[in-house]
*Asks:* 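Handing you this structure, nothing more for now.
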Amino acid sequence: AFVLMPAVDEFLSNLSPVIYIDGTFSKDSANLFCFSFLDANHHLQPMGCVYGTSENAASMMVLFDELWNAGLSKAKQIIFVSDNGSGINLFIKNLQNEHSGVRENHVEIEHVLCVAHLLRSIRHVLEKVNGLKNFDKIRMLFFFARRSPTKELADYYLEWIRKLSPEAHD
């Protein structure tokens with residue numbers, strides 16, 4: 001089952017190309033997946049949700065098709081932000097290779113990792129390797145790199161992260 005939220009009209013009218021995908025587990029072992037976007041006030045607004053038995057590409061494709069038919073087909077580029085889960089990765093791959101509307105309209109699809117999830121992964125690696133030594137410095141450099149106005153400056157901060165902890169950099 002899927003649900004389209006009223007906020008989808010705002011998204012489709014602005015055709016913001018960034019869609020956030022995330023899911024959560026419920027007590028009955030099912031999953032709720034949401035597609036969301038950032039509104040003009042920088043609030044995350046749900047576009048639609050789908051309830052499924054597992055994080056799989058088929059459930060997400062059902063929701064994407066509903067959004068596509070509701071007007072997402074006008075977009076020329078769509079950027080998905082996620083936690084890099086295997087079901088989401090397969091969904092993105094299928095979307096790029098098999099969705100006829102995406103192919104026919106030459107829609108550019110991009111998939112990027114959520115910064116919060118990336119930082120959480122770095123923290124997890126550092127906990128295992130060195131007990132969070134230098135984590136506060138690495139987190140600060142990470143945010144500087146993320147907000148850098150140029151790639152060269154971002155690379156400079158990332159190089160400092162590599163020097164502090166090669167494990168966190170990789």
Side-chain angles (χ1 to χ4, degrees), residues 5 7-8 10-12 14-26 31-50 52 54-57 59-61 63-64 67 72 75-97 102 106-170:
M5 306 295 184
V8 76
E10 180 184 347
F11 173 82
L12 293 172
N14 295 323
L15 281 180
S16 170
V18 180
I19 297 175
Y20 299 85
I21 304 175
D22 205 356
T24 186
F25 298 102
S26 67
N31 296 310
L32 179 67
F33 300 101
C34 288
F35 285 18
S36 304
F37 73 100
L38 221 57
D39 69 11
N41 293 320
H42 301 283
H43 296 119
L44 209 53
Q45 297 289 337
M47 298 168 59
C49 298
V50 63
S54 67
E55 181 178 290
N56 63 52
S59 295
M60 288 178 252
M61 192 62 81
L63 182 54
F64 180 84
L67 292 171
L72 187 59
K76 291 299 174 195
Q77 177 188 31
I78 304 169
I79 301 169
F80 290 98
V81 180
S82 80
D83 64 359
N84 214 24
S86 59
I88 294 171
N89 288 335
L90 183 58
F91 159 70
I92 301 290
K93 183 179 176 184
N94 290 347
L95 194 60
Q96 292 169 323
N97 297 328
V102 168
H106 306 288
V107 178
E108 184 181 335
I109 302 291
E110 188 175 343
H111 183 212
V112 297
L113 184 60
C114 168
V115 173
H117 285 92
L118 179 58
L119 193 56
R120 198 175 308 151
S121 296
I122 291 171
R123 182 183 178 97
H124 182 71
V125 166
L126 289 179
E127 276 180 328
K128 287 183 175 180
V129 174
N130 63 18
L132 294 179
K133 181 181 175 192
N134 293 324
F135 179 70
D136 288 336
K137 290 178 187 175
I138 290 169
R139 180 175 53 196
M140 180 185 66
L141 290 166
F142 178 78
F143 283 110
F144 286 162
R146 185 180 127 221
R147 295 184 178 261
S148 295
T150 65
K151 182 180 180 337
E152 292 77 20
L153 189 56
D155 288 344
Y156 171 81
Y157 291 123
L158 293 174
E159 179 61 23
W160 271 103
I161 291 173
R162 189 191 63 73
K163 288 177 182 177
L164 284 171
S165 175
E167 300 86 2
H169 183 270
D170 294 338

*Asks:* In a table with atom names and distances, give each donor-acceptor pair under 3.5 Å that connects a side chain of residues 138-149 to protein atoms at least two apart or in another chain.
*Replies:*
{"from": "R139", "atom 1": "NH2", "to": "D136", "atom 2": "OD1", "distance (Å)": "2.9"}
{"from": "S148", "atom 1": "OG", "to": "F144", "atom 2": "O", "distance (Å)": "2.7"}
{"from": "S148", "atom 1": "OG", "to": "A145", "atom 2": "O", "distance (Å)": "3.3"}

*Asks:* Checking N41 side chain against H43 main chain: does a donor-acceptor pair fall under 3.5 Å?
*Replies:*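 Not a single qualifying donor-acceptor pair exists.
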*Asks:* Is the shortest heavy-atom distance from the side chain of D22 to the side chain of C34 under 4.5 Å?
*Replies:*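 Of all side-chain heavy-atom pairs linking C34 with D22, none is under 4.5 Å.
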*Asks:* I need the minimum non-hydrogen distance between C49 and L32, along with the two atoms involved.
*Replies:*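 Heavy atoms of C49 and L32 come nearest at CB-CD1, 3.8 Å.
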*Asks:* With sequence neighbours left out, write down each residue that passes side-chain hydrogen bond (donor to acceptor under 3.5 Å, both in side chains) with N84, or none if nothing qualifies.
*Replies:* N89
*Asks:* Any heavy-atom pair between the side chains of V112 and I79 that's under 4.5 Å?
*Replies:* yes
*Asks:* Can you name the side chain to side chain contact (heavy atoms under 4.5 Å, CB included) partners of H106, sequence neighbours left out?
*Replies:* none
*Asks:* Should V18 and L38 be marked as a side-chain contact (heavy atoms from CB on, under 4.5 Å) after you check the CA-CA gap, both sets of side-chain angles, and the distance that decides it?
*Replies:* CA-CA 8 Å; V18 180; L38 221 57; over 6 Å; no
*Asks:* Counting only heavy atoms not in K137 (residues, nucleotides, ligands), do more than 12 fall under 6.0 Å from its NZ?
*Replies:*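 Not more than 12 within 6.0 Å, no.
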*Asks:* Answer yes or no: is there a side-chain heavy-atom contact under 4.5 Å between I88 and S82?
*Replies:*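 Answer yes - side chains close enough.
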*Asks:* Does F91 have any side chain to side chain contact (heavy atoms under 4.5 Å, CB included) partners at least two apart in sequence or in another chain, and if so, which?
*Replies:*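 So F91 forms a side chain to side chain contact (heavy atoms under 4.5 Å, CB included) with I21, F35, A57, M60, M61, F64, F80, L95.
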*Asks:* Taking side chain to side chain contact (heavy atoms under 4.5 Å, CB included) as the definition, give me every residue that meets it alongside K93, ordered by chain and number, with sequence neighbours left out.
*Replies:*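 Here the qualifying residues are N97.
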*Asks:* Taking side chain as C-beta onward, heavy atoms only, is I161 less than 4.5 Å from L164?
*Replies:*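 In short, these two side chains do not touch, never coming nearer than 4.5 Å.
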*Asks:* What I'd like to find out is whether the side chain of H124 reaches to under 4.5 Å of the side chain of K128, using heavy atoms alone.
*Replies:* yes
*Asks:* Between I78 and V102, is there a side-chain heavy-atom distance shorter than 4.5 Å?
*Replies:* no
*Asks:* How close do A75 and V107 get, heavy atom to heavy atom, and via which atoms?
*Replies:* O-CG2, 3.4 Å
*Asks:* Only counting residues at least two apart or in another chain, list the ones meeting salt bridge (charged side-chain N to carboxylate O under 4.0 Å, His left out) with K151.
*Replies:*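 If we apply the salt bridge (charged side-chain N to carboxylate O under 4.0 Å, His left out) test to K151, skipping adjacent residues, the hits are D155.
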*Asks:* Please find the pair of heavy atoms, one from S36 and one from L44, that lie closest to each other, and give the distance.
*Replies:*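 That would be CB-CG, 3.9 Å.
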*Asks:* Under the side chain to side chain contact (heavy atoms under 4.5 Å, CB included) rule, collect the residues that match up with T150, sequence neighbours excluded.
*Replies:* E152, L153
